[in-house]
Amino acid sequence: MVPFAGYAMPVQYPAGILTEHLHVRSQAGLFDVSHMGQAELVGEGAAAALERVTPADVQALKPGRQRYGLLMTPTGGIFDDFMVANLGDRLFLVVNASRKHEDFALIEQGLPAGVRLNRLPDRALLALQGPGAAAALGPVAPALTALTFMGITAAEVAGVPILASRSGYTGEDGWEISAPAEQAEALAKALLALPGVMPAGLGARDSLRLEAGLCLYGSDIDETTSPVEAALVWSIGKRRRMAWDFPGAERVREELANGAARVRVGLKPEGRQPARGHTAIHAPGGGAIGEITSGGFGPSLGGPMAMGYVARDHATDGTALDLMVRGKPLAARVAPMPFVPHRYAR
Amino acid sequence: MSEMKYTQDHEWVRAEGDAATIGITDHAQTALGDVVFVDLPEVGREVTAGEAIAVVESVKAASDVYAPIAGRIVEVNAALVDDPGLINREPTGEGWFFRIEASEPAAIAALMDEAGYAAFVESQS
């Protein structure tokens, strides 16, 4: 167990990171991600109110659907990334643990009369992820297996009232399941009793999301990185890109027109040696052109992988680069992400 | 085979003939988790006691491995390059790292014995 954002978090269970990771890719793993911030935005005009702080198209989000979005700083940096779902009568939000207090304060600031943010600190969040999750869950929760990727519904599992979306942070099919905290343990036990399900910790979660090319807030994106640099422009609604009516729109518009100076790319080191976050990236035999933001060993990839920011001239797939690991250049190439293909239930 | 000695950096040292075989302890491999890469020193390199001379990378993090004694590297375990998992499976056997010809053989005797190391690990937990 390690402290993280005020929570005691399991990095790994007795099986270990490698086994947990591979099990999620072959069968299914259950993650406790209750540290994530949950809230709902209620009232007439909630979607428009949320669009004041995000460039996501929230108003076009249909009931029963969820989408990924960014909260923005006024100067075009990323304040946080989050999930927003339309539950019909309200919006449901999931934000990062380390940012939840700041995020909720940002969203609440200047909300119109009639719209209010309800923080949900008494709700736990479990993630059941893996290609075997649907077969395990189907018999006990057919309403969940009826969802497609990014669908969301209220249901009951093992007698516990839940809210589940078909989404996750591993690149695999799966669900993120919100439940009342006092019933979370019973729910977790019921899910762990399903065939093929093993507990998985933060360590496996990190190697799985990196193989899937997904950003970790605070490492790969932060208040200095823009959506264009981070290659997250797809999360900006088309309508929003016509109206440019979101915080930081000026920077995004300028970078889309002229190109960003640096961009987030995938990197594959040659051989087996991993390069970790904060490793300097050099042009071969030359000077610094960027930095790794996340890096490690991909158990399913069977080799090392990283993501980071490089100067635009060095961002094309296949470009040779040196990663300066402990003072020595480690040869690497820019590589497309995800490193391991996504397998969502679209 | 002589008695196994230990360091506070969680290395084990076993004098065999005119050199000492060195690896990391079972406690260390458990704490590291699954090892995926090892960077070993060059044979012939002269090392000082406490110098970081090897790196072990697990799925969690990178850690230095230190020379427990001063001397010259006379052999490294090439099997670890292709199968770093040996360190997890047999930390005090086939998972050894390198052999050092001690410049001061008495330095080995001065290291902790098994009971001393067990007490040290206990005091750190």
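Lettering of chains follows the sequences in order, A, B, ..., and the numbering in each one begins at 1.
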Do the charged groups of K328(A) and D39(B) touch, with an N to O distance under 4.0 Å? yes
Is it the case that more than 12 heavy atoms not belonging to E122(B) sit under 6.0 Å from its CD atom? no
What is the distance from atom OG of S58(B) to atom CG of L18(A), rounded to the nearest 0.5 Å? 10.0 Å
Look at R276(A) together with E57(B) and state whether they make a salt bridge at an N to O cut-off of under 4.0 Å. yes
Which residue out of P274(A), P304(A), G296(A) racks up the most heavy-atom pairs below 4.5 Å with chain B? P274(A)
Does E185(A) CD have over 12 foreign heavy atoms under 6.0 Å away? no
The interface call for V38(B) against chain A, heavy-atom contacts under 4.5 Å, is neither
Taking atom CD of E223(A) as the centre, does the number of heavy atoms from other residues, nucleotides or ligands within less than 6.0 Å exceed 12? yes
What part of A62(B) gets closer than 4.5 Å to chain A, counting heavy atoms only: side chain, backbone, both or neither? both
Measuring from R272(A):CZ to F37(B):CZ, what's the distance to the nearest 0.5 Å? 9.0 Å
d(D64(B) CG, R326(A) CZ) to nearest 0.5 Å is 7.0 Å
Taking every non-hydrogen atom, the tightest pair across V59(B) and I17(A): CG2-CB, 3.6 Å
